[in-house]
Each structure stands twice: as structure tokens, then as C-alpha cells.
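Worksheet for the structure shown next.
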Amino acid sequence: MTQDLKNILNPEQFAAATTVEGPILILAGAGSGKTRVLTHRIEYLVNEAGIDPGNILAVTFTNKAAGEMRERTVQLLGSKAGKVQIGTFHSTCAMVIRQESDSIGLPRNFSIYDSADQLTVIKEVMNDLRIDTKKFNPRLFRSLISRSKNSMLGPQDVAKQEGYFNELAAEVFSGYNAILNQASALDFDDLLLKPLEIFANHSDIRDKYKNKYKYILVDEFQDTNKAQFEFLLHLSGESKNLCVVGDDDQSIYGWRGADISNILGFEKYFSGTKVYKLEQNYRSTPQILDAAYRVVKNNKKRKSKRLWTEIKQGNKVTLLRSPDDRGEAENILAYMQKEIFEEKRAFKDFAILYRTNAQSRIIEDSLRREGIAYVIIGGVKFYDRKEVKDFLSYLRLILNQNDSISLRRVINYPPRGIGNVTISKIKEFALENKLLFWEALDRTEDIAVGAKQKKVLTDFKKLINKYIELQKELPLEELIRVLDDELGFRKLMKEEGTEESLQRVKNIEELFNSVSEYCEVNPGAGLQEFMENVSLVSDIDNWDNKANAVTLMTLHSAKGLEFPVVFISGCVDGLLPLIRDDDVNKDSDSSEEERRLFYVGMTRAEQRLYLLSSSTRRLYKEFIICRESPFLSEIGEENLEIIEPSYTTFGELRTQKAGTSKPRKSRKKNVKSPFLEGSFVSHKLFGKGRVLEVTPNHGDFKIVVDFGEKGIKKLLAGYANLELLS
DNA sequence: GCAAGCCCAGATAGT
DNA sequence: CTGGGCTTGC
């Protein structure tokens, strides 16, 4: 096997995969085959070093990465792979909590609160504390709480900080914790913290896990935060058999508390660390690698390294300039069609990346108009849709009656005549008598609510109690159907009959499908496991990369993925790097992170990379003038081809759109160019010029024009509005 | 208590 | 332009 591995892996990869003991740092650049190293390392540990697969823990950041690792491990190890624990930090921690919750007095059926739930809780705390939600944006508190938790700081630490805001924040923070505590709920950050609490207070439990996971592998180590690092420290124990893989150039989660010093200081922290650098890239052309390197090398805080490739051929990176963001979308379409036509590419070969989800809309419009299949990742998540959340809140309540947030969400949905007044009365009563909201529902006789409300509340409680019992007997799939029938969820929506409500019915049905699917894959799993899965699974995990569709996603989501052709839209100052007027961290650290983000995007491309910039964009309702992203000028000229806007003003663009806003199924084909080499043309912006070159460009023509003093420009004839002079 | 309608603020990234 | 929060009139 060792010989086989030597053939499969390059020398550095081989060394990294076959070093068994001690701390190991693998600095794996983009496209350097790190997943391959990790999976072959697992194979080597089991098949060569004789390590029990049950003693191996592999941690990733996304379920998708975990799934891929699982798949490849199964290929290499067969049935033995099942014993290897592979999961995300969050799912691994959730597993530990579920198994050990008793030790910290947390019920096993705890709820997991997402960021919307967090906001609900924070608003409630702010109301209780009489803090005006208009003066202080609840989101500010949310991000402060999250950042604090990721750095293992509590309300008392925040209170120590100077300033009125921190004073308030500390109060909100502790009120927030109290509500979650009472609700037996954990937020995402708690999932990472609770195991630390368990380990710190119960060394026997810690030793149990430490002895189980003797060999630990960590993917995307550059994105770990303090809590995650502590988790690894607890488990790796004295043997320090901790193998981490990462790339400081791809650290893009600083805002989530990721601490880049975890990777930069790893060697210092663990003496005797063996370091392996993987610098051979198996993904991209030399031009793409060169362009990406010229950008990222401007960062001060990075380990020196440079990717290289054996690939020889390739094209320059192309910068497509447009007058506005719609022009960017048009350019994407035009060049996509060119790639399909000239390079025989399929839709699934393309990815369109952007900095913020809001940028997707305008691109989607263009794709839809042309009938191009696309999938969009991120944005509003399936499980975040209102109707889906309403339904899931019932399930959460059936599971955990302490969960007052879910309880209040459904107590009047479908409408039963329970309004804010009634809810406030119950809440007050519960507070006075030190009861849970749920317990207070039994005492309607003692609460000053109307007779009708009393009956409704009693009935509601009976209903939930019935399902608490049913849950024990009925399989999950049946339970939700019975619940839907009784509540009349779908029935009500169907009766509404609007297109919107029919879509909601579809979403509910989609939820049923996902329950069925989950039950099939995880036989014997209960409601708690399903809900945990719902909380921790994201859109990208379900992304089907085999479907023939263009993929749209943020630069963040794209990490770890690769595509033959990549478009990065919105390469303008303000988006890349992203600047917000209230930006508190306008420091160099955050601008270096933006550069890394751009670098991550560039290195997703295998063969072709298109960068798009525009001189104006729409924000809300106004147009803003943009300058090009400063990162573009870092690329240099050698490996960058610049194509100028082919039309110049909004006016022209609008006129053009007006005539073609209908679906253009029949695209212009085999048209002869009116422009020939040597003919003279006039352009609105560049003036008079001479045509140097004409090349067909999927139903259009790319022409190169010498505009004398204005330079040589590449234009698309169909959009350029050129006037033929001779 | 509730639905309709108005007003205003607002959006970084995601487990 | 959208969606949450608040007022208003039933």
C-alpha cells in the first residue's frame, strides 16, 4: 500500500499523509489536494499503522465537506469507514452535548436557536430592559454576543469594557443567556461552548472522549475560533496527535471569530510540530495562479508560499468592464454563451460569484430571461421560510415545552384569537409565579383573560400534549402529516389560492419530503435528531453538483469548490473590499481578509476566470458611481486582458433593453459582421478608430479597434453601438 | 383581537 | 424595492 500511496501522492502529500504521531501542520494552498491527503491519511492510519478507525475524529466546517470526506473514506476503507467519526465542529459538539447533557443539567431534548430566534430573544430582553430597539439595533447586540461567545467571553467580561453601549450590552447578554437557559435552548455558539463546560467540570467525561479520539484531523484550520481550538486542545491531550490542514491565505471568517493566529502560531504552540507545505496546484492554469498570487502577496500577515502548476497552457484572466451592474449581467451571458459555443461547455461548468447575496438578483433576471438553468446557494434558506419555520416550531414545542420562543410563535398560528394582550398577561403571570410560559397555560383560571381565550388556551395545551404522546408512538413521517391535517396548515393555504400561498403549500410539501428523505437515510432517528439536522444543514450541503445548471453563490460559500469557468461579479471598490459607512473595523486586518476573499474566488477557477466591474451600480433606488476594485490593479498587465464596455450610457442600454425585453429564443446566428478589418468606425466614448481584428463571438463579433490616443480596445459589436465610417 | 395599510429603515459573509 | 413594526378602523 505504501508503494501505491507513493504513486497517488506527491512527496510532500505522501509525507503529510504518512506521519502518524505528534502535532502536524499541513499548509495546503488552494487546489493542492488537501482532501486527498486527509482521506489517504485516514486510510494509512487504519490500514498501515493499525489504528482502530473508531479512534479517529475528522472535523470540517461544512456538512458538505464532511459528506465528501465520508464518501471518499468509504471508497478507501469500505465498511471500516463507518467507525471513523467525521463531522462538522457543530455537529460533533452537538453529539457530545446530546450524550452528556445530564452532566450540566441540560435536558437531552434541547432546542437549537438560529439567528432569527436569537433576534427574537434579544428584542424581548431589550423590551424588558426598556432599551429602545430603534436607538440600538438588536443586530448589534447579536453580533456582540456571538463574537464574545466565540472568544469565550461572558457578560461580565463585556461589562468590564468601557462605555455605555457595553454596559447595556452586558445586561442584554445576560438576559439573553437567561432566556435561552430557561428555554433549554442553545444557539450556534453555545454548541461549541457547552462541550468545553462539560470537559472542564468533568474530567472523567473529557478523558472518555480523549481516549476515544486519539487521532484528530482538522480541515480548514485557518477558520477555527478560540472555542474550537480549546475543544481540540481538550481532546488531543498529551499525545497531541493533532493533524491540522489549512491555508492562511484562505482565512475568511474573521467576522465569525476565526482567529488566524491559531494557524499562524500553531508551530509555536505545539513544540515539535511537523510542517508540510503543499504548493503544487492541480486545479488552475498558470495565468490564474499568477494573477491570484499577485493579489494575495500584498497581504502583510501571511506565511510565504507560492502555488505552482505543471499545467502549461491557458488564457489570460479577463476583466470585463461595463457601464452598470446590468451590463455586468449581460457580459456574463455573452461570455457564457461564447464559452458554450467555442469550448463546448455545459451550464454546470460555470459559477458566478459575488460578495453579497443581494447582487444575485440582477444576474438571476438575465439568466431567467435567457432560459438558462441555474441554482442559487444561500440567501433565504429553505428552513427559514416563514411557513416552514411555523411548522418546525410546532415540532420544537412538541419536543421541548420549555422553548418559549417556539411556543409563542405558534400559540396564535393558525389564528386562534390569542393576541399580544393575552400573551403579555400570561407572561407576567408566569414571571410572578416563577413558572414557565408553558406551565402558566394550566393556570388560565388565575389569569385575567377572557372566557374565550381561556378555552382556546386550554385546547391548545391539550393539542400539544396529545402530540407529545403521539410522538412516542408514530413514526416521524406520519406524525407531521397528522399534525398538518389537524392544524389545517396546507388546507388553509390552499384556500387562500394566491400564487404565493400555493408556493407555501409546495414548501410545506418539500419539508415533508425532507423528513421522508431523512428517515430513509437515518432509520431509527427521532424528532430530536431530525431537528438537529435541520438546524445544522445549510443550502450548500444539499447542492447537487451533478445537475446541469449554472451555480450562483457568494465568495464565502465558494470556498472549497472548483469550476472550469468562474465569473466574479462586482469587482468594484466598496464591494471588494466591502465597505459599510458604519464600519467599525476599517482596519487593515479586515481589508486583508477582503483580499483573501477575492483570492479564494479567483482560485476557484480551473480554466477561465472572468472578473466583472462596472462604473455605476444601483443601491436601493439610487445609482452610485463606482471605482474599480483596488485588487484589480494588483493583478498587473501580463496576465490580464481588459475588455472595455461595449455601450456607454444608460440611455443606450435602456433603448436596447426596450426592444429585447421579450424572451429572445432565436438568437442571431451566422450574421456577417458589418465591420471588417481595416474599416474605420466611430465610438461615443473613444471617438474614431480603425478595426484591427474581427472574430466571431457566438452570434456576435468581438472586434479589436485602435482608437489612437484612446488606446486599443476590445469590444462586442452587438453592444458597442459603433458607427461605420467607411 | 385582527387585517389592512402606511411608514420607514435597511443589507456582509453563515455554522 | 422589501419587509418589519406600528397605527387605524372594524
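Residue numbering restarts at 1 for every chain, and letters A, B, ... go by the order of the sequence lines.
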Could you give the CG-to-C1' distance, from A/Leu186 to B/dT15, as a whole number of Å?
14 Å
For B/dG14, does OP1 or OP2 lie under 4.0 Å from any side-chain N or O of A/Asn357?
yes
When rounded to the nearest 0.5 angstrom, what distance separates OH in A/Tyr383 from CG in A/Asn533?
6.0 Å
Reading DNA chain C in the 5' to 3' direction, which nucleotide is the first one with an atom under 4.0 Å from a heavy atom of chain A, and which is the last?
C/dC1 to C/dG5
Please determine if A/Lys559 forms a cation-pi arrangement with A/Tyr253, meaning its NZ or CZ atom is less than 6.0 Å from the six-membered ring centre and no more than 45° off the ring axis.
no
Using the test side-chain contact (heavy atoms from CB on, under 4.5 Å), find all partners of A/Lys301 that sit at least two apart in sequence or belong to another chain.
A/Asp589, A/Glu592
Is the NZ or CZ atom of A/Arg416 both under 6.0 Å from the centre of the six-membered ring of A/Phe460 and within 45° of that ring's axis?
no
What is the nucleic acid contact for A/Ser115, judged by heavy atoms within less than 4.0 Å: base, sugar-phosphate only, or nothing?
nothing
Kindly point out which of B/dT15, B/dA3, B/dA13 is positioned nearest to the side chain of A/Pro415?
B/dA3
Please report the distance, rounded to the nearest Å, between CZ in A/Phe598 and C1' in B/dA13.
17 Å
Would you classify A/Val421 as touching base, sugar-phosphate or nothing, given that sugar-phosphate means primed atoms plus P, OP1 and OP2, and contacts are heavy atoms under 4.0 Å?
sugar-phosphate
Please identify each residue that fulfils salt bridge (Lys or Arg N to Asp or Glu O under 4.0 Å) with A/Arg596, with sequence neighbours left out.
A/Glu593
Is A/Trp255 stacked against the base of B/dA13, taking the criterion as centroid distance under 5.5 angstrom and interplanar angle under 30°?
yes
